[in-house]
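A quick note: this is a predicted structure, and the numbers were derived from the prediction, not measured. Count residues from 1 along the sequence. In listed order, ligands and their atoms are each counted from 1.
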Amino acid sequence: MPDFETFELRGVTLRKDPARDECFQCVDFDAEMHEYPDLSDVSRRERIHRHMNNEIGGLDIAAQCLADFPEAPWELRMQLARQCYDETRHIMLLHRRLREMGGHKGEFPVSNFEWRVTCMQDSLPARLALQNRTFEAGQMDILGKIIDAWREAGDERTAEMLEGILADEIQHVRFANQWIKKYAQEDPRTLMKIAMAVRYLQNVTNALGPKAGEVNAVGTTLQNAEDRVVSVVNVEDRRMAEFTEEEIDEVLRRTTFRSLVRENGARN
Ligand SMILES: [Fe+2]
Ligand SMILES: [Fe+2]
């Protein structure tokens with residue numbers, strides 16, 4: 001894998017941001033974002049703008065995986081290439097909707113958190129575990145809830161667009177799950193890589209996530225980091241030196257990865 005540039009933020013090491021158009025202001029913390037709790041006009045534009053940037057990140061991450069892991073199986077590389085195509089369509093759909101709402105790219109600050117964390121990983125299964133299986137699965141949960149809210153607010157057009165995106169995201173999570181299982185069956189050290197990646201994400205989230213009661217740039221009170229990253233909350237007390245086989249199983253069992261351990265049979 002080629003070398004890449006990193007930087008330090010509150011004691012954790014992250015990958016430097018990918019290139020972005022100059023119109024975008026890339027920020028480090030949730031408190032700098034312009035997230036609103038309601039569905040006012042400005043909140044709608046900010047939600048679509050933030051989602052659009054997350055999709056740009058999804059494209060960047062999948063494309064970087066193709067570049068960094070040329071030895072990966074051809075079928076997996078094809079899935080990643082298809083994901084690039086899907087994320088590109090999502091970006092275009094969201095950008096069009098944003099403009100229909102009177103917004104424009106660069107209108108709100110954006111965060112490249114998922115890129116910074118995922119692209120630190122030096123193995124493809126670990127990147128799939130973070131980006132597809134954790135972040136995109138988390139996005140699936142959010143979309144599942146928010147689509148109804150858009151519809152109830154009378155915005156059928158946005159609700160339908162998000163339903164189309166959600167259908168693609170399910171496939172992105174599914175192929176990642178399938179390949180993670182395959183990698184883990186062929187080489188149990190894969191689980192070590194994934195457990196380390198999950199623990200790293202937990203450390204980063206603890207260091208950078210908002211504290212309960214913190215208020216963002218537009219006056220919204222933020223949830224604390226643990227409430228936001230429920231799926232990895234129990235990994236925080238693990239220490240690198242303790243990661244024996246049994247302890248990896250324990251870490252994975254406590255996260256959304258427990259089904260992976262169970263399906264591996266011999267580990268239970
Ligand atoms: Fe997407
Ligand atoms: Fe996706």
[X] and [Y]: side chain donor to acceptor below 3.5 Å:
X	Y	result
Gln171	Arg174	yes
Gln83	Glu87	yes
Glu136	His172	yes

For Glu169, the N, O or S atom at the shortest distance from the Fe ion (ligand 1) is OE2
Among the N, O or S atoms of Glu87, which one sits nearest to the Fe ion (ligand 1)?
OE1
Measure from the Fe ion (ligand 1) to each N, O or S atom of Asp86 and report whether any distance is below 2.8 Å.
no
State whether Glu136 contributes an N/O/S atom found under 2.8 Å from the Fe ion (ligand 2).
yes
Can you tell me the N, O or S atom of His172 that's nearest the Fe ion (ligand 2)?
ND1
Look only at the side chain of Thr118 and the backbone of Glu114, and say whether a donor-acceptor pair between them is shorter than 3.5 Å.
yes
Could you check whether any side-chain N or O of Asn53 sits under 3.5 Å from a backbone N or O of Ser111, counting only pairs where one atom can act as donor and the other as acceptor?
yes
Glu55 OE1 to His90 ND1 via the Fe ion (ligand 1), rounded to 10°, gives 100°
